Amino acid sequence: MSSPACERTLAMLPLFVGGDLDAATAEPVRQHLLACLRCRGEASSLQRATGSMRRLAAEPAADVDDGMFAAMNRAIMDQVLVTDVAELTAATSTMSGRRWLESVAAVLLLAFGFWCGQASWQSSVLQRAPMATPANDGPANDGPAIVVPYAGPRVPQRLLGDDVQDGYPLQPGDAAGLMGRERLRSLVDEGMVLPARRRATSQPPR
Amino acid sequence: MFPQPAPRQSPKQTQTPGHELSGIPAGLPSAVAQLAHDVTLSDAELVRRTLAGQHDPFAALVARYQKRAFWIAYHVVGRVEDARDVTQEAFVRLFRSLAKYDFARSFYTWFYRIVMNLAIDSLRKIRSARAGSIEDILGGLPDSRAVAGDVPLERTEENGQVWAVLDKLDAKFRAVLVLRDIHGLSCREIAPVLKVTHATARWRLHRGRQMFKEHWERLQGGPEQ
């Protein structure tokens with residue numbers, strides 16, 4: 001059964017054995033290892049494994065010597081010489097030109113975005129007048145022009161008790177402040193407005 | 001005795017008794033060797049001169065870094081031919097992207113990143129090509145890596161086991177272990193090379209060492225006492 005101190009130490013051991021803990025963090029680990037045989041065994045095991053890996057640095061490889069490196073240097077330079085240095089410096093100037101173009105594009109984009117923001121602020125939905133659509137597409141009749149306001153999201157505010165719309169009292173089913181379909185139907189029923197189809201057929205020939 | 005933490009090593013101090021992981025190879029043209037040995041000439045200055053149209057400064061950069069690049073690639077990939085290809089490709093890419101070099105940043109971090117990316121890509125290609133091959137199915141064949149020089153047999157055997165364990169690790173853990181434990185870079189230096197945060201580099205090192213130990217013990221027939 002491991003104690004919390006053992007668990008804390010074991011969690012730090014991989015970094016402790018490699019010397020990757022600062023002195024303040026490493027000291028409690030060192031003190032615990034002095035007292036705990038089990039954790040010390042674990043640390044030794046970790047250190048042996050890490051040490052074996054470190055010894056790989058000293059392992060020579062076949063055919064790797066200064067001659068190979070000199071040949072590699074020549075091979076790299078041969079490949080590099082294909083790319084002319086002038087080409088490289090041209091790439092530098094092309095890159096600076098591209099950066100300049102990117103900067104100009106970014107400024108233009110920002111200006112456009114700012115302008116769009118201003119325009120949309122000025123013509124926001126709240127400030128827009130309610131749209132109106134003609135009641136029909138047929139020829140004008142003799143009566144007053146009937147306009148059905150667009151029942152859009154914007155509803156004109158009216159005072160409490162103000163239940164008159166265009167001189168007509170609003171009915172309970174009417175859309176507040178707008179001439180809704182029910183109101184229009186009641187006007188048709190009263191004969192004050194002719195529906196578009198009936199009006200088109202009932203007009204006297206001229 | 002409980003273990004003593006290993007001393008920290010900077011990448012430029014890495015020297016091993018068997019061979020050099022860094023250093024300038026012999027047999028170069030004298031002008032290139034002179035530039036490569038000149039400690040007053042920084043890497044950034046060599047880059048500037050290359051961009052100004054000279055070739056020798058770039059050959060000097062190659063001379064300064066080719067050993068380190070090769071050994072890093074070798075320890076990640078595990079094969080001399082592949083490591084040589086990775087190193088050459090890394091220098092060619094370096095040359096083509098010299099114009100993008102940020103002079104405010106460390107040159108070797110930038111270059112090591114190119115090497116490491118190519119090495120990890122190469123390792124993944126090798127693994128995917130090897131998946132399902134007879135060596136993997138049999139599993140018990142001796143390691144085919146050739147070793148030069150007077151290396152004791154038991155050491156060669158141990159190194160073979162280390163390679164076998166490294167082969168089992170995921171590329172991202174292997175990369176951290178190679179850079180930290182074999183090449184002596186600190187976690188602060190490893191983080192920008194692998195393009196991760198310092199905390200991620202430490203976590204990968206922690207997890208990588210743990211996994212290495214587990215595989216190592218399994219290979220040696222259970223936990224050592």
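For clarity, every value in this text was computed on a predicted model and none was experimentally measured.
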Q. Does one side chain, of B/Gln210 or B/Glu214, offer a donor that lies under 3.5 Å from an acceptor on the other?
A. no
Q. Looking at A/Met53, A/Met77, A/Glu42, which makes the most heavy-atom pairs under 4.5 Å with chain B?
A. A/Met53
Q. Considering only heavy atoms, which portion of A/Met72 lies under 4.5 Å from any heavy atom of chain B: side chain, backbone, both, or neither?
A. both
Q. So which of A/Gly67, A/Ala70, A/Ala49 has the largest heavy-atom pair count under 4.5 angstrom toward chain B?
A. A/Ala49
Q: Kindly confirm or rule out a cation-pi arrangement of B/Arg48 over B/Phe103, judged by NZ or CZ under 6.0 Å from the six-membered ring centre and within 45° of its axis?
A: yes
Q) B/Lys67 and A/Asp66: salt bridge (Lys or Arg N to Asp or Glu O under 4.0 Å), yes or no, with the steps? A) CA-CA 9 Å; B/Lys67 274 193 177 181; A/Asp66 273 2; 3.3 Å; yes
**Q.** Basic-acidic side-chain contact under 4.0 Å: B/Arg93, B/Glu89
**A.** yes
